[in-house]
Structures are given as C-alpha cells and as structure tokens.
Asker: 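Just dropping this structure here.
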Amino acid sequence: MSSVSQPPCYWYDGQLFSESTLSLPIQEPGLLYGATVFTTVRVYEKALSHPWTAWPAHIDRMTQSLQAFAWPLPDWGQIRQGAEGLAQRYPILRVTVFSDGRSLILGRSLPTNLTTLQAEGVTAWVADSPDYSRPLPGHKTGNYLSCWLARQVAQRVGAQEAILINEQGHWLETSTGNLWGWANGAWWTPPLATRILPGILRSRLVQGLQAQGHTVMRIPWTPEQVTQFTCLAYTNSVVEVIPIRSVLRGAASVNYNPDHGKLRYLDTAWRSAG
C-alpha cells in the first residue's frame with residue numbers, strides 16, 4: 001500500500017497550520033521590503049536542547065538584530081513552543097520575525113544529496129561584481145535577493161555556489177555560508193569587519209579550532225592570499241562543512257582536493273565547541 005504524504009505544516013503568530021499558503025496583509029513590510037529577521041536552524045535528534053542545534057545562539061543573534069533595528073521582540077517562549085512542535089517532523093527550521101514581532105516558522109528536509117556534497121565538494125563561482133554582496137551583511141534579514149541572484153548566475157556557469165566579493169576584490173562569503181581556507185599552517189576565515197554574516201557555525205568553528213590548538217587567521221582575503229590556500233570549504237548550520245573542489249574565476253579555474261586531510265578538523269572542531 002502506498003503511503004500518503006502529510007500536508008505541509010508551519011507555525012504563524014502562535015498557531016500551527018497544516019496548509020501550503022499563508023495570508024498576509026498586502027502592505028506587509030516583509031513582503032514589500034524584505035523587512036524581516038530570520039535564522040535557519042538544523043535540529044539534531046529532534047531536540048532544540050541538543051548542543052549541536054545551538055538554539056540559544058540563533059536566538060541571541062536574532063535578538064541583536066531586532067534590537068539594532070528598534071523592532072519589538074517577539075514572545076520567544078511561544079516561538080520555542082512552535083519550533084519544538086515542528087522539530088518532531090522537520091530537521092531544518094527557518095524562524096522568521098516580522099517588524100511588528102509576529103513570527104513564522106517553516107520546516108523542511110535536509111538536501112537529498114548532502115552526504116555527496118560533504119564528500120565530493122562543490123564548484124564555486126567568484127562573483128564578477130560587488131553588487132552581489134548582501135545589504136546589511138551583519139544581520140540575517142529577509143532581503144537575500146543579491147545572494148539568490150549570485151547563486152543563479154553560478155548555476156548557469158556550472159557551479160553550485162557563488163563567492164561574493166567587495167569593492168577591493170576581497171572574498172567575503174558564499175551566497176549561503178562562511179568561507180574557510182588552509183594555508184601556511186593555519187586556518188583562515190574572512191573577518192566580520194569585512195561586512196559578512198556572523199555565522200553560528202563560523203563562531204563555533206573559531207571556538208573549537210582554537211580550543212584544539214589551531215591558529216585561526218581572521219584577516220581580509222585578498223586576491224594574493226587566496227592563491228595560497230591548499231584547501232577550501234564553506235560552512236553553515238544546515239550543511240555543516242562543504243569542501244570547495246573547484247573555483248571558477250572568469251575564464252580561469254583552480255582545483256582543490258575535497259578529501260584534503262585538514263578538512264576533517266573543521267568537522268570535529270564545531271562539534272566539540274561548547
């Protein structure tokens with residue numbers, strides 16, 4: 001007997017809905033301007049309390065953004081209630097807070113090819129313009145159009161990810177995560193001062209790597225610096241650590257070993273972070 005798929009569920013403004021549509025006011029700033037703050041959480045073992053889920057860190061980052069924008073804080077207890085319910089069904093939750101304090105929680109599955117991506121890596125395209133960099137990069141807002149467009153271009157040239165740059169040509173981050181490279185006996189990641197997202201997994205990696213005795217260099221990635229890396233990866237809370245096996249830059253390309261021995265330290269470091 002074939003199984004019948006369950007209808008999608010989401011949590012909105014304190015209620016659980018089993019629908020595939022959501023009704024919002026036509027003047028909703030979140031629709032008109034992307035005026036929302038959100039975070040994407042991977043829930044381990046269906047538990048927000050699991051240390052790898054890092055639920056407090058996600059809430060703290062959202063709180064900092066809401067306070068910076070002078071928006072009202074939501075009922076975090078209510079959000080946790082909704083998240084705990086959806087976490088029994090979905091391993092990934094996107095928690096969104098609107099400018100008036102309303103909340104929306106969506107759930108989804110892990111990428112079906114995640115294990116392959118983690119083992120074989122991806123090809124990344126270096127954006128040909130700083131226009132693709134994110135607005136308000138220190139905050140995870142609903143205006144992600146530039147990143148989405150960059151990834152669309154990357155896919156058209158045969159890549160899976162885009163590497164964003166600034167006016168000086170420094171590499172900043174990918175369209176969905178933070179960058180990591182290994183060179184000269186140290187790990188390198190672009191600093192927050194270059195206006196990148198303070199990724200949850202990035203913070204855990206810095207903490208975990210330093211606790212294991214690794215040097216973590218946080219200086220801008222100049223065109224000269226990136227040529228020294230012997231392996232590359234990007235990270236986010238959903239996909240964890242994804243090697244970058246090839247970088248497309250104009251008509252040129254550079255290949256890296258996705259099975260480089262140093263990459264295993266990234267995977268162990270974030271898991272061991274407190």
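Computed from a prediction, not measured in an experiment: that's the story for all the values here. Scope of the values below: all heavy atoms of this structure, side chains included, with no hydrogens, waters or symmetry mates.
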Asker: Is it true that a side-chain atom of Y132 and a backbone atom of I163 form a donor plus acceptor pair closer than 3.5 Å?
Answerer: no
Asker: Any non-hydrogen side-chain atom of L86 less than 4.5 Å from a side-chain atom of L16?
Answerer: yes
Asker: Can you tell me how the ring of F38 sits relative to the ring of Y144, calling it parallel under 30°, perpendicular over 60° and tilted otherwise?
Answerer: perpendicular
Asker: Quick check: closest heavy atoms across T176 and R151, and the distance to 0.1 Å?
Answerer: CG2-NH1, 4.0 Å
Asker: Do other residues, nucleotides or ligands put more than 12 heavy atoms under 6.0 Å from E167 CD?
Answerer: no
Asker: Using every non-hydrogen atom in the two residues, find where S253 and L248 come nearest and quote the distance to one decimal.
Answerer: CB-CD2, 3.7 Å
Asker: Using atom types as modelled and distance alone, determine if a side-chain donor or acceptor of S146 lies under 3.5 Å from a backbone N or O of S133.
Answerer: yes
Asker: Look at the side chain of N178 and the backbone N and O of L197, then say whether any donor-acceptor pair between them is shorter than 3.5 Å.
Answerer: yes
Asker: To the closest 0.5 Å, what do you measure between OG1 (T115) and CD (E120)?
Answerer: 10.5 Å
Asker: Counting C-beta onward and ignoring hydrogens, is there a side-chain heavy-atom pair between L117 and E161 closer than 4.5 Å?
Answerer: no
Asker: Nearest 0.5 Å, please: how far is CD in Q160 from OG1 in T174?
Answerer: 12.0 Å
Asker: Closer than 3.5 angstrom, by distance alone: can the side chain of Q118 be matched with the main-chain N or O of V241 as a donor-acceptor pair?
Answerer: no
Asker: Taking C-beta and beyond as the side chain, do P74 and L66 meet within less than 4.5 Å on heavy atoms?
Answerer: yes
Asker: To the nearest 0.5 angstrom, please state how far the OH atom of Y256 sits from the OG atom of S246.
Answerer: 9.0 Å
Asker: Roughly how far, to the nearest 0.5 Å, is CZ of R80 from OG of S103?
Answerer: 14.5 Å
Asker: Please answer whether the main-chain N or O of V126 pairs with a side-chain N or O of R249 as donor and acceptor at a distance below 3.5 Å.
Answerer: no
Asker: For S99 versus P72, what's the shortest heavy-atom pair and its separation?
Answerer: O-CD, 3.2 Å
Asker: Keeping the roles fixed (side chain from N113, backbone from T116), state whether a donor-acceptor pair exists under 3.5 Å.
Answerer: no
Asker: Following the transitive rule for hydrophobic clusters with a side-chain heavy-atom cut-off under 4.5 Å over Ile, Leu, Val, Met, Phe, Trp and Tyr, establish whether L73 and W71 coincide in one cluster.
Answerer: yes
Asker: According to a hydrophobic-cluster definition based on side-chain heavy atoms being under 4.5 Å apart (Ile, Leu, Val, Met, Phe, Trp, Tyr only), do W188 and Y234 belong together?
Answerer: yes
Asker: Give the cluster check for I92 versus I105: same hydrophobic cluster or not, with ILVMFWY residues linked at side-chain heavy-atom distances below 4.5 Å.
Answerer: no
Asker: When you look at W55 and I200, which way does the side-chain contact (heavy atoms from CB on, under 4.5 Å) test go after all the steps?
Answerer: CA-CA 10 Å; W55 178 257; I200 301 298; over 6 Å; no
Asker: Just how far is it from atom CG of L201 to atom CZ of R42, taken to the nearest 0.5 Å?
Answerer: 10.0 Å
Asker: Checking side-chain contact (heavy atoms from CB on, under 4.5 Å) for the pair L32/I26: CA distance, chi angles, key distance, verdict?
Answerer: CA-CA 8 Å; L32 299 179; I26 59 174; over 6 Å; no
Asker: Ring centres under 6.0 Å, that's the criterion: do W221 and F229 meet it?
Answerer: yes
Asker: When you measure from the side chain of T53 to the backbone N and O of Y44, does any donor-acceptor pair fall under 3.5 Å?
Answerer: yes
Asker: Do T40 and K140 come close enough that some side-chain heavy atom pair is under 4.5 Å?
Answerer: yes
Asker: Would you call I244 and L179 a side-chain contact if the rule is heavy atoms closer than 4.5 Å?
Answerer: yes
Asker: Ignoring hydrogens and angles, tell me if any N or O in the side chain of R218 forms a donor-acceptor pair with the backbone of P191 under 3.5 Å.
Answerer: no
Asker: For the residue pair H139 and F69, categorise the inter-ring angle as parallel (less than 30°), tilted (30 to 60°) or perpendicular (more than 60°).
Answerer: tilted
Asker: Should T39 and L93 count as side-chain neighbours, where that means a heavy-atom distance under 4.5 Å?
Answerer: no
Asker: Does W11 reach the main-chain N or O of A83 with its side chain, forming a donor-acceptor pair under 3.5 Å?
Answerer: no
Asker: If every non-hydrogen atom of A150 is compared with every non-hydrogen atom of A162, which pair is closest and at what distance?
Answerer: O-CB, 3.6 Å
Asker: Please give me the minimum heavy-atom distance between C9 and R89, naming the atom from each residue.
Answerer: SG-NH1, 2.9 Å
Asker: Show the nearest heavy-atom pair for residues P243 and P258, with the distance to one decimal.
Answerer: CG-O, 3.6 Å
Asker: Give the cluster check for L104 versus W76: same hydrophobic cluster or not, with ILVMFWY residues linked at side-chain heavy-atom distances below 4.5 Å.
Answerer: no
Asker: Please walk me through it: do Q212 and T268 pass side-chain contact (heavy atoms from CB on, under 4.5 Å)?
Answerer: CA-CA 10 Å; Q212 293 179 2; T268 59; 3.9 Å; yes
Asker: Could you check whether any side-chain heavy atom of V97 comes within less than 4.5 Å of a side-chain heavy atom of I79, counting everything from C-beta outward?
Answerer: yes
Asker: Is there a path of hydrophobic side-chain contacts, each under 4.5 Å between heavy atoms of I, L, V, M, F, W or Y residues, that connects V43 with Y90?
Answerer: yes
Asker: Salt bridge check, E173 against R202: does any charged N sit closer than 4.0 Å to a carboxylate O?
Answerer: no
Asker: Between W182 and W187, is the ring centre distance below 6.0 Å?
Answerer: yes
Asker: Using the side-chain contact (heavy atoms from CB on, under 4.5 Å) rule, take W180 and L232 through it: C-alpha gap first, then chi angles, then the decisive distance, then the call.
Answerer: CA-CA 6 Å; W180 291 87; L232 287 174; over 6 Å; no
Asker: Does some side-chain heavy atom of H58 sit less than 4.5 Å from a side-chain heavy atom of V95?
Answerer: no
Asker: Any chance you could measure L263, atom CG, to N257, atom CG, to the nearest 0.5 Å?
Answerer: 8.0 Å
Asker: Has R264 got a side-chain atom pairing as donor or acceptor with G261's backbone, closer than 3.5 angstrom?
Answerer: yes
